[in-house]
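Step one of this worksheet: look at the structure below.
Here the structure is a predicted model, which means the values were calculated and not measured.
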Amino acid sequence: MAGRTNEQIAHELMVGVSTVKKHVTRILAKSDSRSRTELTVKWWAGGTTPWFRPPGFVSRSDQL
């Protein structure tokens, strides 16, 4: 969500901060990433697992 903090995401989605933290932790674990930044780099490089790619997504590496 565009560089938002856990608190900002929780407020926008009307959920608790702990819920956001749990989901972020699970996403990072499934993508084998240590941080949101690392996940972003993997996303743009096309190195994330297929479950994390939206339908029709084409990575930068696919375009080269």
Side-chain angles (χ1 to χ4, degrees):
M1 296 194 111
R4 291 178 176 88
T5 65
N6 290 342
E7 291 78 10
Q8 291 169 327
I9 296 168
H11 179 74
E12 186 171 328
L13 298 177
M14 293 184 285
V15 298
V17 175
S18 61
T19 301
V20 174
K21 287 179 181 180
K22 286 177 192 175
H23 285 293
V24 169
T25 298
R26 289 179 183 156
I27 291 168
L28 293 175
K30 284 187 175 187
S31 65
D32 196 27
S33 301
R34 290 171 287 182
S35 67
R36 292 177 186 195
T37 302
E38 183 177 342
L39 176 61
T40 303
V41 170
K42 286 181 179 182
W43 174 272
W44 282 107
T48 58
T49 54
W51 64 264
F52 200 69
R53 287 184 170 183
F57 175 79
V58 179
S59 72
R60 290 182 177 264
S61 61
D62 293 340
Q63 296 173 350
L64 298 177

With rounding to the nearest 0.5 angstrom, report the CZ to NZ distance, Arg26 to Lys30. 8.5 Å
Residue list, side-chain contact (heavy atoms from CB on, under 4.5 Å) with Thr40, at least two apart or on another chain: Trp44
Contact summary for Ser31 and Leu39, nearest pair of heavy atoms: OG-CD1, 3.3 Å
When hydrophobic residues are tied together by side-chain contacts of less than 4.5 Å, even through go-betweens, does Leu28 share a cluster with Val17? no
Who pairs with Glu38 by side-chain contact (heavy atoms from CB on, under 4.5 Å), at least two apart in sequence or on another chain? Ser33, Arg34, Ser35, Lys42
Positive for side chain to side chain contact (heavy atoms under 4.5 Å, CB included) with Ile9, one of His23, Arg4, Lys21: Arg4
Any residue meeting side-chain contact (heavy atoms from CB on, under 4.5 Å) with Lys22, in chain and number order, not counting sequence neighbours: none
Just to verify, what does Thr25 make a side-chain contact (heavy atoms from CB on, under 4.5 Å) with, not counting sequence neighbours? none
Among all residues two or more places apart in sequence or in another chain, which pass the side chain to side chain donor-acceptor pair (under 3.5 Å) test with Asp32? none
